[in-house]
Amino acid sequence: MPTALAVPPAIDDAVRIAALAHTADRLTIRWSDGRESPYPAIWLADNRPDRRDRPDGQRLFDAIDLPDGIVLRGVTLGADGAVEVDLAGFDTPARFETAWLRAHALDPTSRAERRRRPVLWDSSLALPTGDYTAVAGDDDARAKWLRQVHDHGFALLRGVPAEPGMVCKVVELFGFVRETNYGRLFDVVAVDKPQNLAFSALSLGNHTDNPYRDPVPQMQLLHCLEAASEGGESVVVDGFAAADRLRREAPDAFALLTRRAVPFRYVEAGKVDLRAKAPLIELDADGDVAAVRYNNRSIAPFDLDPDEVEAFYDAYRRFGRLLHDPNLTVGFRLAPGDLFIVDNRRVLHGRRGFSAGRRWLQGCYADKDGLTSTLFSLESSR
Ligand code: OGA
Ligand code: ZN
């Protein structure tokens, strides 16, 4: 599954082009801050502004139509700072804006700046919190809350009217509800014969939801309508921070969890049989952690080479202990009207068991693309 692209970093107006150089197959820009950025000829030809000249930014041409063996014949710096590139096989030179070239530069430093950089957190996290009335009524407050969700993979929202269905209204502030076999929304209440342990009064270890789906629902929201008078506290932990610690403390265990897929399954006899197989720690193409999955209730028997089973259990149990380490977890108690949201591919949630009094949460899922799209649109129109 692709990970969301980071927004190009803001361009520092003070950065200027200090020098231009070229060979037949690449342009090199030396910037006033000392950075040196190479641009291969075929990449420049494909990104000519006249190949992406629709107002919506969509491209009109396909790379398969480019001539073979593109040669860069010359480069000049215009008085307005734009770079003119003369490419063999094209009638007119291509004009590239300085800011565009800097924002899309291919040197390692520029590329590292565009990489996803989640803010890892531990038990010292000050609970990221928004106020429902502000978030629902004001674009700035909405952008700030969504930014917290985006950066931490977790946030609270207080003051949501304690009425059934409101959890979906919160999703509608940034995206779309992802309906599943549990419904558009689901009630988390203790019932007599629960199909799913979430619908009992038992404690739930820290977990990601629905690892037996492909794709897993990425955002999960839980809204408290009635709190138990005793117990039922919530716990969250940053799975990326735990994976980062595992990577540093036990690199072989980390590598094993990224390389072996684990089966997950959820069955309701005759009605539901959901199965997915995926690694407990998933990496993206850059080698950064893209997702974690951990759910002791729905993990199925490992399908591994027997000689690897013991090492795999060591790695799995070590990761599991980190995911429950009090130095990494954050606990809080939901009161009626409180809601929390997690990025279910990053942050695990759990709850303590409860006994006295009725407890009622409503939950639902949403995709993350709607959330990031709303966030980036709000931020770029500010
Ligand atoms: C869930 C869940 C936590 C709670 O429904 O997925 O983990 O606090 N519930 O009841
Ligand atoms: Zn859950």
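Order of appearance sets the numbers: ligands from 1, and atoms from 1 within every ligand. In what follows, residues are counted from 1 in the order of the sequence shown.
- Within the listing of ligand 1, atoms 2 (C), 7 (O), 9 (N) sit less than 4.0 angstrom from a heavy atom of Leu204.
- The single protein non-hydrogen atom nearest to atom 5 (O) of ligand 1 is Val188 CG2, 3.5 Å, given as residue, atom name and distance.
- The closest donor-acceptor contact from the side chain of Arg30 to the backbone of Ser37 lies at 3.5 Å or more, if one exists at all.
- Taking every non-hydrogen atom of His207 and a distance limit under 4.0 Å, the qualifying atoms of ligand 1 come out as 6 (O), 7 (O).
- Atoms of ligand 1 lying under 4.0 Å from at least one heavy atom of Arg351, given by number and element, are 4 (C), 8 (O), 10 (O).
- No side-chain donor-acceptor contact under 3.5 Å links Tyr132 to the backbone of Leu339.
- In summary, the atoms of ligand 1 found under 4.0 Å from a heavy atom of Asp209, numbered by their order in the structure, are 6 (O).
- Heavy atoms only, all atoms of each residue included: Ala24 and Ala41 are closest at O-CB, 4.1 Å.
- In this structure, a donor-acceptor pair under 3.5 Å is present between the side chains of Asp209 and Tyr365.
- Residue contacts with ligand 1 for Leu334 are absent, since no atom lies close enough (heavy atoms, distance under 4.0 Å).
- Less than 4.0 angstrom separates some heavy atom of Ala198 from each of these atoms of ligand 1: 5 (O).
- Taking every heavy atom of Leu361 and a limit of under 4.0 angstrom, the matching atoms of ligand 1 come to 4 (C), 8 (O), 10 (O).
- Given atom 4 (C) of ligand 1, the protein heavy atom at minimum distance is Arg359 NH2, 3.4 Å.
- The main-chain N or O of Leu173 is found under 3.5 Å from a side-chain atom of Arg142 such that the two form a donor-acceptor pair.
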Dump the intermediate steps for side chain to side chain donor-acceptor pair (under 3.5 Å) on Asn210 and Tyr212, then the final yes or no.
CA-CA 5 Å; Asn210 295 201; Tyr212 40 76; 3.0 Å; yes

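- Under the 3.5 Å distance criterion, with hydrogens and angles disregarded, no donor-acceptor pair is assigned to the side chains of Thr109 and Arg35.
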Report task. Please assess Gln218 against Asn344 for the test side chain to side chain donor-acceptor pair (under 3.5 Å), listing each intermediate value before the final yes or no. Result -> CA-CA 5 Å; Gln218 191 158 7; Asn344 187 49; over 6 Å; no

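- Interface of Gln220 with ligand 1, defined as ligand atoms under 4.0 Å from a residue heavy atom, comprises 1 (C), 6 (O).
- Of all protein heavy atoms, the one lying nearest to atom 3 (C) of ligand 1 is Leu222 CD1, 3.9 Å.
- For the pair NE2 of His349 and OD1 of Asp209, the angle at the Zn ion (ligand 2) is about 90°; rounding is to 10 degrees.
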